[in-house]
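Here is how names work: the chains are called A, B, and so on, in the same order as the sequence lines, proteins then strands, and each is numbered from 1.
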Amino acid sequence: MPQTMVQKILAAHAGRERVEPGELVDVPVDVVLANDITAPIAIDAFNRLGAGEVFNADRIMLVPDHFAPNKDIKAAEQNRTLRLFTREQELTNKFVEGRAGIEHVMLPERGLVLPGDIVIGGDSHTCTYGALGALATGMGSTDIGVAMATGRTWMRVPETMRFVYRGELPRWVTGKDLILHTIGEIGSDGALYRAMEFGGEAITQLNMEQRLTITNMVIEAGGKCGFVEADAVTRAYVEERATRPYKVYHADEGAAYHALYEFDVSDMEPQIACPYSPANVKPLSQVKPVAVDQVFIGSCTNGRLSDLAVAADLLEGRPVAENVRCIVIPGSQRVFLDALKLGYLQTFTEAGCVVSTSTCGPCLGGYMGVLAAGEVCVSTSNRNFRGRMGHRDAQVYLANPAVAASSAILGRIGGPEEVA
Amino acid sequence: MKLTGTAWRYGDNVDTDVIIPARYLNVSDPQELAEHCMEDLDETFATSVQSGDMIVAGTNFGSGSSREHAPIAIKAAGVSCVVAEGFARIFYRNAFNIGLPILECPEAVAGTSKHDRLEVEPESGVIRNLTTGETFHAQPIPDFMLDIIRAGGLVPYTRQRLAAVGS
């Protein structure tokens with residue numbers, strides 16, 4: 001009997017030939033992660049268990065990124081909890097500002113999460129690693145604290161929805177646009193409790209960074225995890241980074257799917273998610289050219305080098321509009337250094353952008369670009385809920401980096417064809 | 001266990017950013033979180049909610065972030081139970097893990113108005129609207145989740161399992 005990706009990875013970890021959707025399985029986990037917001041509660045759960053030691057010091061990643069570098073005293077206290085635990089438990093990977101970055105940018109980049117892994121994270125965007133072929137999903141702090149002690153967790157085997165993208169991607173249409181369009185089609189609970197598999201020739205054309213953008217947002221459709229079919233791009237990306245052995249799984253021919261969606265991308269435009277839902281998606285041409293106060297280019301969705309390259313190309317010689325704050329935050333220190341060497345950071349600075357060290361910062365209204373009531377922001381991040389980036393009456397439009405950079409130049413929502 | 005309280009009625013897709021905005025996540029103290037619970041959706045909630053009250057909402061309750069601070073804030077605000085048409089996956093696990101009873105029951109949601117008095121038995125899934133006199137039956141909670149509730153949450157449940165392995 002053929003199986004989907006998620007069935008095969010869960011079966012392998014459970015020591016079974018196959019598992020069926022709906023079953024509850026108890027499985028070992030390969031990587032457990034948490035950030036400065038979720039780790040303190042996870043560490044508290046771990047301590048209450050009385051386990052003493054973590055199950056494997058190589059496989060626990062505690063990343064200060066949401067409010068780090070420390071945004072205030074309370075954040076500093078939370079970050080200290082995480083740092084002390086990292087030291088006390090002698091965790092192999094110590095993530096410190098200046099040598100780290102946003103968890104979902106940094107862990108794939110360093111080969112710390114790999115194909116075939118089960119990864120659970122105290123962060124809903126843990127699903128990002130599905131682009132590599134890992135079963136990766138977000139959980140709450142208590143689940144994370146327990147898994148830090150036991151190295152195991154339970155999961156319900158999800159059904160799988162399959163998404164196939166046909167045709168050649170038009171210029172300026174990216175992985176971000178494919179996932180926004182998909183969420184717009186199925187809704188913010190369209191994949192609730194399910195796995196999402198992404199394939200088709202339009203996906204094959206995408207580099208790994210754009211694939212990571214796609215799986216980053218499966219949670220915005222309620223998905224438990226997402227997978228991109230492994231191919232030569234996957235192997236090339238992983239082989240030069242892997243820190244340990246791994247196994248690539250493929251969905252079987254003829255596996256049973258809950259639903260199959262096919263999209264022809266040949267005529268697709270850049271997509272925008274309008275306030276206040278990532279599922280409120282329209283093609284760029286149908287979005288009113290509203291004036292913008294802020295543009296944010298960064299986050300675990302679109303803070304990678306190729307995202308910055310597109311933005312830098314547009315901002316080269318084209319200054320940010322007078323009334324706009326354009327904030328650019330490379331997703332990791334490695335991305336920051338590469339962008340520095342390639343001249344992107346100089347381009348951004350000359351165009352009038354703010355450039356910062358890596359942090360989640362403004363994406364969740366933490367700091368480094370919080371919005372006032374009534375302000376409008378075009379953001380390359382993944383959520384535009386009410387109050388997400390600041391005041392409850394601020395408005396956030398989600399877009400790809402080219403649209404974000406173009407909107408910064410124009411001072412209103414607009415696309416690269418208007419500026420380039 | 002029998003819970004009784006007044007219903008606070010909300011719509012679909014109540015996300016974790018409105019349940020507890022990220023600007024307050026520099027702390028994890030339950031009482032501090034409770035002071036800001038639902039603030040961006042309903043400014044009256046945190047100041048007016050009474051111990052035992054219930055949240056009754058539409059589909060995809062708790063969508064978005066994995067923050068366990070969301071069910072923690074709701075529980076610490078005094079809410080005894082959340083009844084919704086459906087829950088987002090991570091919130092569903094988190095609520096059980098920290099011992100906040102939640103039930104899926106579209107009929108009860110449709111049959112409940114703001115300020116109705118409800119009586120809920122989480123283990124049997126029976127929901128009575130004391131204001132209208134109607135009775136509803138929620139989706140049964142999976143046995144495995146009931147085991148976690150009986151143990152008092154995931155931490156005590158796991159302690160028991162670790163002790164069993166060690167003995």
Chain B contact via [X] - which portion, at a heavy-atom distance below 4.5 Å:
X	value
A/Tyr193	both
A/Ile37	both
A/Arg388	both
A/Leu192	side chain

Could you tell me which non-hydrogen atom of A/Ser381 sits nearest to which non-hydrogen atom of A/Phe296, and how far apart they are?
CB-CE2, 4.3 Å

Specify the closest pair of heavy atoms between A/Ala147 and A/Ile120, including all atoms of both residues, with the distance to one decimal.
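Result for this residue pair: CB-CD1, 3.5 Å.
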
Cationic N near anionic O, under 4.0 Å, [X] to [Y]:
X	Y	value
B/Asp15	B/Arg67	no
A/Lys74	A/Glu77	no
B/Glu68	B/Lys75	no

Region of B/Asn26 in contact with chain A, defined by heavy-atom distances below 4.5 Å:
both

Contact check, side chains of B/Ile141 and B/Leu103, non-hydrogen atoms, under 4.5 Å:
yes

Would you say the side chain of A/Tyr397 lies within less than 4.5 Å of the side chain of A/Ser379, judging by non-hydrogen atoms?
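Side chain of A/Ser379 against side chain of A/Tyr397, heavy atoms only: no contact under 4.5 Å found.
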
Among the options [options], pick out the one with the most heavy-atom pairs lying under 4.5 Å from chain B.
options	value
A/Gln78, A/Lys71, A/Arg156, A/Glu220	A/Gln78
A/Thr150, A/Ile41, A/Asn382	A/Ile41
A/Thr137, A/Ile73, A/Asp143, A/Asn79	A/Asp143
A/Asp123, A/Asp36, A/Thr38	A/Asp123
A/Gly366, A/Gly222, A/Ser188	A/Ser188

Report yes or no: does [X] contribute a side-chain atom to a donor-acceptor pair with the main-chain N or O of [Y] at less than 3.5 Å?
X	Y	value
A/Arg392	B/Asp40	yes
A/Asn70	A/Asp72	no
A/Arg48	B/Pro156	no
A/Thr126	A/Gly122	no
B/Asp29	B/Glu32	yes
A/Glu23	A/Glu20	yes
A/Asp65	A/Thr359	no

Residues of [range] with any heavy atom under 4.5 Å of a heavy atom in chain A:
range	result
residues 83-92 of chain B	B/Phe87, B/Ala88, B/Arg89, B/Ile90, B/Tyr92
residues 45-61 of chain B	B/Thr59, B/Asn60
residues 108-136 of chain B	none

Heavy-atom pairs under 4.5 Å with chain A: which of B/Ser63, B/Ser28, B/Ser65 has the most?
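Of B/Ser63, B/Ser28, B/Ser65, B/Ser65 has the most heavy-atom pairs under 4.5 Å with chain A.
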
Give, for atom CG of A/Asp393 and atom CZ of A/Arg386, the distance between the pair rounded to the nearest 0.5 Å.
5.5 Å

Rounded to the nearest 0.5 Å, how far apart are CZ of B/Arg159 and CG of B/Leu154?
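Going from CZ on B/Arg159 over to CG on B/Leu154, the span is 12.5 Å.
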
Considering residues at least two apart in sequence or located in another chain, which fulfil the ring-ring contact (aromatic ring centres under 6.0 Å, His included) criterion with B/His36?
B/Tyr24

A/Val32: which of A/Ile144, A/Val54, A/Asn56 passes side-chain contact (heavy atoms from CB on, under 4.5 Å)
A/Ile144

